[in-house]
Amino acid sequence: MTIKLPKLIATSVVRGSQQGESHGGVFTVDFEAQEGAQHVDWNTDDIDWEGRGADRGLRGITFNGDDIFIAASDELFVYDRDFKILRSHRNKHLRHCHEICTQSGRVFLTSTGFDSLLSFNLATNEFDWAFQLQKPYDKWSGFAYDPSAGAGLRPVNDFHLNMVFVDNTGIYFSGLRTNALLHLNDRMEVSEVCNLPPGTHNARPWKDGVLFNDTASDCVRYVEAGGSELAYAIHSYDESEIEFAGIDDSKIARQAFGRGLCPVGDRFVAAGSSPSTITLYDLETDQKVGFVNLSMDIRNAIHGLEVWPYDN
């Protein structure tokens with residue numbers, strides 16, 4: 001039986017780029033044809049130039065019907081299937097957004113700059129719920145708040161929340177410094193699902209285990225509930241092939257930095273890395289199927305990654 005390989009959509013961010021240069025964009029990647037196509041080149045005068053590239057590029061991706069939602073640092077953009085911007089939405093509590101997802105008529109977003117999760121109501125086109133994570137006395141907790149009310153919260157980034165996944169069992173989320181996959185129930189109680197290595201990206205429940213980018217160890221991991229584990233090394237290149245190596249003084253731009261991850265059915269997993277590469281793994285046969293490279297510029301890294309849900 002011939003298996004049709006998937007088509008994906010990906011966003012990229014660029015570390016250490018200068019004004020007037022590209023800051024990443026939006027791509028579709030066809031693994032059947034082994035090729036990628038760029039649809040959006042993100043280059044704007046509104047980019048914040050402070051810090052380590054935090055605002056330079058597009059982030060999480062999700063869908064609602066024919067609408068494609070893509071997050072920038074502090075703005076939620078809505079594109080049509082031809083990648084024309086239909087509208088966008090801002091909120092004072094959305095800062096350094098990373099991953100996003102859709103569930104039950106809402107887009108859920110991570111707001112790294114406020115250690116928060118935000119909810120965007122698709123019926124009203126408003127941000128109408130938020131939750132800030134806290135850990136007083138070494139115990140997870142937090143509180144819900146109205147992201148549009150009052151003077152707003154003080155910015156805080158203790159946990160660097162970068163991932164959210166929502167299903168009918170609740171909200172799952174994690175960050176670089178949570179060292180755990182967390183669960184938020186409808187009583188606003190936070191509990192640990194499992195431990196995670198420091199520096200993890202894209203942690204989420206999958207099948208009967210947890211799937212995540214173990215970014216610090218340069219690998220993708222799937223750990224089952226019973227403790228068995230599959231681990232795959234992130235694709236790397238000969239150093240002579242890398243463009244702009246050493247140009248980023250922050251040392252953030254490095255080869256095999258794993259970020260961007262999505263299951264493809266119950267068998268395959270697609271993972272992003274830098275320089276902008278997407279690799280497809282077959283967990284049933286325990287092997288790497290192949291990879292597609294979009295740029296050999298070491299500053300250019302995959303961020304958001306999802307299965308393309310449309311036929312064309």
Using a 4.5 Å cut-off on heavy atoms from C-beta on, say whether the side chain of Phe77 contacts that of Val40.
-> no

Hits for ring pair (Phe, Tyr, Trp, His ring centres under 6.0 Å) against Phe131, two or more places apart or cross-chain, chain-then-number order -> none

Has the side chain of Thr62 got a donor or acceptor atom that lies under 3.5 Å from a matching backbone atom of Thr102?
-> yes

Nearest non-hydrogen partners of Tyr281 and Ala233, listed with the distance | OH-O, 3.2 Å

Residues forming a side-chain contact (heavy atoms from CB on, under 4.5 Å) with Arg87, sequence neighbours excluded | Asp67, Val78, His89, Asn125

Looking at Asp282, Asp286, Thr279, which hits side-chain hydrogen bond (donor to acceptor under 3.5 Å, both in side chains) with Tyr232?
-> Asp286

Run the ring-ring contact (aromatic ring centres under 6.0 Å, His included) check on Tyr79 and His39 step by step: do they pass?
-> CA-CA 11 Å; Tyr79 290 83; His39 303 278; over 10 Å; no

Applying side-chain contact (heavy atoms from CB on, under 4.5 Å), name anything that partners Ser104, two or more places apart in sequence or on another chain.
-> none

Between Ile298 and Gln255, is any pair of side-chain heavy atoms under 4.5 Å apart?
-> yes

Without swapping roles, check the side chain of Glu306 against the backbone of Cys262 for a donor-acceptor pair under 3.5 Å.
-> no

Under 4.5 Å between any side-chain heavy atoms of Cys97 and Asp74, yes or no?
-> no

Please list, chain by chain and in numerical order, all residues satisfying side-chain contact (heavy atoms from CB on, under 4.5 Å) with Gln103, sequence neighbours excluded.
-> Phe108, Val166

Check the hydrophobic clustering (I, L, V, M, F, W, Y; side-chain heavy atoms under 4.5 Å; chains of links allowed) and say if Val269 and Leu280 are grouped together.
-> no

Over all atoms of both residues, closest heavy-atom pair of Ala203 and Leu181 = O-CD1, 3.9 Å

Heavy-atom pair of closest approach, residues Leu58 and Thr11 | O-OG1, 3.3 Å

What heavy-atom pair brings Val292 and Glu35 nearest, and what distance separates the two atoms?
-> CG1-C, 4.1 Å

Go through the structure and list residues passing side-chain contact (heavy atoms from CB on, under 4.5 Å) with Thr124, not counting sequence neighbours.
-> Asn121, Glu126

Got Ile100 and Leu76 here, is their nearest side-chain heavy-atom distance under 4.5 Å?
-> yes

Report yes or no: does Asn202 contribute a side-chain atom to a donor-acceptor pair with the main-chain N or O of Gly260 at less than 3.5 Å?
-> yes

Any Glu99 side-chain heavy atom under 4.5 Å of His303 side chain = yes

Minimum side-chain heavy-atom gap Thr110-Leu117 below 4.5 Å | yes

Side-chain donor-acceptor pair present, Asp238, Ser240, cut-off under 3.5 Å | yes

Under a 4.5 Å cut-off applied to non-hydrogen side-chain atoms, are Leu211 and Arg221 in contact?
-> no

Sorted by chain and residue number, the ring pair (Phe, Tyr, Trp, His ring centres under 6.0 Å) partners of Tyr237 (sequence neighbours excluded) come out as His235

Derivation and outcome, side-chain hydrogen bond (donor to acceptor under 3.5 Å, both in side chains), residues Thr169 and Asp167 = CA-CA 5 Å; Thr169 66; Asp167 63 15; 2.6 Å; yes

From CA spacing to verdict: salt bridge (charged side-chain N to carboxylate O under 4.0 Å, His left out), Asp82, Lys84 | CA-CA 6 Å; Asp82 295 320; Lys84 302 292 193 299; 5.6 Å; no

His201 ring center within less than 6.0 Å of His98 ring center | no

Are any side-chain N or O atoms of Arg177 and backbone N or O atoms of Asn157, one a donor and one an acceptor, separated by less than 3.5 Å?
-> yes

Does Ser276 reach the side chain of Phe27, with side-chain heavy atoms less than 4.5 Å apart?
-> no

